[in-house]
Amino acid sequence: MMHDTSFAIHPGTKKEMAGTNFKDIGNLRQFIQNGMRFNFQCEQGFVSVQFYSEEIVRIIWKQNDWPDFKSSPAVIYQPNNMQVKTDENDDFIKLSTSLLKIQIQKSPFRISVMDEVGDILIEERDKGLGFNSKGELVCYKCIHPDDRIYGLGEKTGFLDKRGESYTMWNTDVYAPHNPETDPLYQTIPFFTTLRNGKAFGVFLDNTGKTFFNMRDKDGTYEIRTETGQFDYYIFAGPTLKKTLTQYTTLTGTMPLPPKWALGFHQSRYSYETEEEVRELAHKFLEKGIPLDAIYLDIHYMNGYRVFTFDEERFPNPRKLIKDLRQQGIRVVPIVDPGVKEDPEYSVYQEGIRGDLFCKYLEGNVYFGDVWPGNSAFPDFTDEKSRRWWADKHKFYSDLGIEGIWNDMNEPAVFNETKTMDVKVIHENEGNPKTHRELHNLYGLLMGKATFEGMKEQLAGNRTFLLTRAGYAGVQRYASVWTGDNRSFWEHLQLAIPMCMNLGMSGVAFCGPDVGGFAHDTNGELLARWTQFGTFTPYFRNHSAIDTARQEPWEFGEEIEQIVKSYIQLRYVWLPELYRWFKEAHDTGVPVMRPLVLEYPEDKNTFNLSDQFMIGENVIIAPIMTPETEHRVVYLPKGQWIDYWTEQRFDGEKHHLIQADLKTLPVFVKEDSAIAQGSVKQSTDENEVNYQVHLFKGNKGETQYTLYEDDGKSYGYEQDELYNNEISFVYSEDTLDITTLKTGLYKPVWDTWSLVVHGKYQPTRIYVDGKDFSSAIELRDGKTILAIPV
Ligand code: GLC
């Protein structure tokens, strides 16, 4: 309570300065090589180095014993066998692969890491590894004047995280979310440093509370861990994209979501009855507003008991789900971890009898207050509990449900600390640890159980999971929404860098609650937010109990038409978004990108927090203030074309762009191509008009990768996909197209249409050497040609 008043700045409550009482690890005493593990005993601790690949190295520091090589469940990659060259002299030990060099200074013990050409990535000078009087492990590294920092998961503030200080501790924060609100729901202790156009990454694999102080203090930044060992990985880069690929090699990439998960989703806390849900679905259909999913928030359950339906509110869920499914709409229910303490409730009985809940060391079950009242919490660190939880989802999958929404999985508990008692013990696959040590894993492992259970039960069909909490690697199981934002313009603004940095942390599939969750939205804000949501990887309108309704039609005809047109536009852009989802699955490079990812040499992009890219060639610049019909847009190198007017703009310049309420500024790069589809009621409808739009400039050539698969099975993992590397070469009057098709899947469409923009009307078009000129059509001044799949 005291912290809510001026007492918080009472002179007597001065915080202990971080960095005081720092004790250095001291000098090296002993170096022992044990196969591919390099171990260093120092005066005040133990360090081990292990290479995972030519470009990934792991360093573990522990104070009182040799490090433990078991990594957290974030890591799914095993160390490769490779050649590591060792060199030792009186002062240094050097370990090197072809792409990374580690230099250990013996006295005092300091670690430097260099890339293949010898440029220093990581450096420890006056201070390196050590610990403080609180028993925290501490690590100082040099920060260069030009360093920019990206990633660190779901954080408020601008894109560049340099100069910020963050805590990693999954937390349910209802209010407020402002620039100093930290931590939030997710923990992803990974960041990339961009230095003079080159990049490298650091991932601290620690599941307890950790601190990242990225402020430049005497040329260093500081990282601290409260529990466990200081276990970190360095990724060699040398580009931002390569760093992301290296990080997601270690922690996994996102599986391709079912296509319906990329459509528009409508939610509300809560649609309380079957009748209300049916009416909602009917309204979308009647108004022709596309919709792929409706969410059931906590009111669908019997007294908030998970794996139940309230029989009065939802007398026939099976029929409801089936009827909606026939209309192309999926139902996604919320599933929280808390299981109501109720001796007559079978899920609770099973949990107690099967010894599946989190307990204290003394053996008593931990109870916390959440929506159902006093509740027990499955111990997801235990395979047995995960198996049980996974199987419980048959309740949903048998009813025809294909997607699940996990919430309150920080875990959130209604008490002062907002979470479970940190003294609770987790089984942790036979290696019991306290909640204090494993807190940040809870959401990830709940996600693992849920995703794997649903995947099994859907027998070959892709499942969809949405989660609020998570840890590094969460992308393997779930899409992330950014929790309880508010219907403020400021929250629209902060969602952009937050989602871009989630993308820079391996989470390609994310988005905020469109319209804002808490507080009352208004028509203008909903319109602008929907425009933004059209291009976020995850697109859901969700709002809280007792706030103004914010379904697309709630604010009159004009707003409804704008909102509808942008939801429709989502479906037009779906083929293009999907192609970048595939890329994110393959490489870990996100769908929604900060401009710096594509233009790492351009300082105008380094902290650009109010624009983003979809893939490599499209820039989105939302309007994020009220009564505003213009904004400044930065366009990097190249020529750019306004998606709506086809007006051309020079790059490396700021432009003042007009954008009335109907307009979201979108720019496509000249000499690039994008795929477009047609407006649909839902993704259930087959694509009938797959198009590739070529925006010709003066370069003379363009490449485009057309990607398609069935959108619902895991066949793409077995090459059941259609990948077409298309190359366009153009001269004055001739367009030469070559295609390179791979994969076993045949799209439902037989042809795709080429649409040529840029006042270019070639008279001859060749496709793989065949003359297609006689098939050219002219429509609205544009050249159009149907090309066989
Ligand atoms: C939490 C969630 C929110 C949900 C509510 C009720 O606040 O973040 O999305 O609607 O709980 O379940």
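Values reported hereafter were calculated over all heavy atoms of this structure, with side chains retained and with hydrogens, waters and symmetry mates removed. In listed order, ligands and their atoms are each counted from 1.
- In Tyr304, neither the side chain nor the backbone holds a heavy atom less than 4.0 Å from any atom of ligand 1.
- Near Arg468, the atoms of ligand 1 lying under 4.0 angstrom from a non-hydrogen atom of the residue are 1 (C), 2 (C), 7 (O), 8 (O).
- Rounding to the nearest 0.5 Å gives a distance of 9.0 Å between CD1 of Ile321 and CD of Glu274.
- Interface of Trp371 with ligand 1, defined as ligand atoms under 4.0 Å from a residue heavy atom, comprises 6 (C), 11 (O), 12 (O).
- Residue Asp484 holds the heavy atom nearest to atom 7 (O) of ligand 1 of all those in Asp484, Asp297, Val370.
- Of the possible donor and acceptor atoms, one in the side chain of Asn440 sits under 3.5 Å from a partner among the backbone N and O of Gly208.
- The distance from atom OG1 of Thr521 to atom CZ of Phe555, rounded to the nearest 0.5 Å, is 5.5 Å.
- Proximity of Phe517 to ligand 1, defined as any heavy-atom pair under 4.0 Å, is confined to the side chain (atoms from C-beta onward).
- The atoms of ligand 1 that sit less than 4.0 Å from any heavy atom of Ile334 are 12 (O).
- For Tyr295, the closest heavy-atom approach to ligand 1 does not fall below 4.0 Å.
- Near Trp481, meaning under 4.0 Å from any of its heavy atoms, are these atoms of ligand 1: 8 (O), 9 (O).
- Under a 4.0 Å criterion applied to the non-hydrogen atoms of His542, ligand 1 contributes the atoms 3 (C), 4 (C), 9 (O), 10 (O).
- Cation-pi contact between Arg386 and Phe380: absent, since separation from the ring centre below 6.0 Å together with deviation from the ring axis within 45° is not met.
- Note that CZ of Phe309 and CG of Asn316 are 10.5 Å apart. Values are rounded to the nearest 0.5 Å.
- Closest protein heavy atom to atom 11 (O) of ligand 1: Asp407 OD2, 3.0 Å.
- If you look at Tyr247 and Phe203, their ring centroids are closer than 6.0 Å.
- Ring orientation note: the planes of Phe517 and Tyr269 are close to parallel, at an angle under 30° on the 30°/60° scale.
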